[in-house]
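Sequence lines set the chain letters: A, B, ... in the order given, protein chains first and strands last, and positions in each chain run from 1. Just so you know, these numbers use all the heavy atoms, side chains as well, and skip hydrogens, waters and symmetry mates. No experiment lies behind these values; they were computed from the predicted model shown.
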There are 2 protein chains.
Amino acid sequence: MLKLSKKVEYGLIAMRHIASVNNQISTVKEISERYSIPSDVLAKVMQKLTRGKLILSHQGAMGGYTLARGAHDISVMDVIGVVEGTQVGIAQCFAETPENCSIYSNCTIKHPLGKIQHNLEQVFASMKVSEIV
Amino acid sequence: MLKLSKKVEYGLIAMRHIASVNNQISTVKEISERYSIPSDVLAKVMQKLTRGKLILSHQGAMGGYTLARGAHDISVMDVIGVVEGTQVGIAQCFAETPENCSIYSNCTIKHPLGKIQHNLEQVFASMKVSEIV
DNA sequence: ATGAAATAGGACCCCATTAGTCGTATTTAA
DNA sequence: TTAAATACGACTAATGGGGTCCTATTTCAT
Ligand code: SF4
Ligand code: SF4
């Protein structure tokens, strides 16, 4: 519970790696071997990051990935959002639409949890890739 | 991802409820009906909270539950810890033992994530049941 | 004493999500 | 033309979350 998914972790490790080599082009093979990450899984994470415009893909031989923006301009929140495809939500009513929770109208803790939610967002949004290099 | 479990939510709703009626004895039936929570599920959550010494059980007819301490002295963190049985850990290496992560020695993000972890703990520990009444 | 109301707790099951694998197509530098 | 790389969908396996059911035990009230 409350755990980041491996995909997000892999994404962060990869982003950090690219930043750490001064945004030189890096391949999935390189990264997956360096950090012992299953290459197929990492490959798909990279593709999501590409579609999410956080990194740029360079296809073909000698290809790979580079960051799409400065590391100081990419937050952990960005990575989570793109990799996970969904919003960070500490409870169902924050992550999805409120109606999805059958208890919503009777729920007495949604407002207090909203504060925690807000705090969380702050924390994730304020930590940039550049800070984890 | 990053969602609180329903059990934790149910626990919080129940604790808040008891606090809101000035710690008068409250039953599972009462609470489950009031908030539309499946009673069997709530029952087991209450049993965990009892074993975790956050509430007191009163068995037999006319029985029920009361808080074991003042609402100002019970944090959301306490509830999570007791209901979930495990520590809040934003990553495997925080929730369990580090060795459980096959990547641990190569992982470059565990320290930055540690900061987030710490922040999270602060947030959960500082919010008390008394604040959500 | 007896019955009703309550907690205690184990055994299951269902389902959604996560993690990972495999196969194949496409792009492009050398 | 070939090799190195990304793109991407289909599939499987494992895990955990959420819920149901059943039975035992405790204790108040009659
Ligand atoms: S409404 Fe209450 S119970 Fe439903 S998801 Fe939001 S917080 Fe959780
Ligand atoms: S070591 Fe790195 S990858 Fe493994 S759990 Fe901790 S943070 Fe996640």
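- Rounded to the nearest 0.5 angstrom, B:Ile103 CD1 and A:Tyr10 OH are separated by 4.0 Å.
- Atom pair A:Met1:CE and C:dT17:P shows a separation of 17 Å (rounding to whole Å applied).
- Applying the 4.0 Å criterion to OP1 and OP2 of D:dC8, one finds that A:Arg51 has a side-chain N or O inside that range.
- Within the 3.5 Å criterion, the main-chain N or O of A:Tyr104 finds a donor-acceptor partner in the side chain of A:Lys110.
- Contacts between residues 73-99 of chain B and DNA chain C, defined by a heavy-atom separation under 4.0 Å, are absent.
- An OP1 or OP2 oxygen of C:dT18 is reached within less than 4.0 angstrom by no side-chain nitrogen or oxygen of A:Tyr10.
- In this entry the distance linking CD1 of A:Ile13 with P of C:dA19 reads 13 Å, nearest Å.
- Donor-acceptor pairing under 3.5 Å is recorded for the side chains of B:Thr66 and B:His58.
- Of the residues in residues 53-71 of chain B, those with a non-hydrogen atom less than 4.0 angstrom from any atom of DNA chain D are B:Gln59, B:Gly60, B:Ala61, B:Met62.
- Residue B:Lys6 places its side chain closer to D:dG18 than to any other of D:dG18, D:dA5, C:dG9.
- One interatomic measurement links the two molecules: NZ of B:Lys29 to P of C:dA5, which rounds to 9 Å at whole-angstrom precision.
- A distance-only check finds a donor-acceptor pair linking the side chain of A:Lys128 to the backbone of A:Ala125 [under 3.5 Å].
- A:Glu131 contributes no side-chain N or O that, together with a main-chain N or O of A:Ala71, makes up a donor-acceptor pair within less than 3.5 Å.
- When each of A:Leu42, A:Leu12, A:Val79, A:Val45 is tested with A:Lys7 by the rule side-chain contact (heavy atoms from CB on, under 4.5 Å), just one qualifies, namely A:Val45.
- Between the OG1 atom in B:Thr50 and the CG atom in B:Leu54 there is a gap of 9.0 Å [rounded to 0.5 Å].
- Judged by distance alone, with hydrogens and angles left aside, the side-chain atoms of A:Ser57 form no donor-acceptor pair with the main-chain N or O of A:Ile55 at under 3.5 Å.
- The listed nucleotides are C:dG9, C:dA6, D:dA5; the one nearest the side chain of B:Gln47 is C:dG9.
- Using a 4.5 Å cut-off between side-chain heavy atoms of Ile, Leu, Val, Met, Phe, Trp and Tyr, with links allowed through other members, B:Ile116 and A:Val133 fall into different hydrophobic clusters.
- B:Thr108 pairs with exactly one of A:Arg34, A:His17, A:Arg16 by the side chain to side chain donor-acceptor pair (under 3.5 Å) rule, that one being A:Arg16.
- Although no hydrogens or angles enter the test, the distance criterion places no donor-acceptor pair under 3.5 Å between the side chain of B:Glu121 and the main chain of B:His118.
- Using a 4.0 Å cut-off on heavy atoms, the residues of residues 32-45 of chain A that approach DNA chain D are A:Lys44, listed by number.
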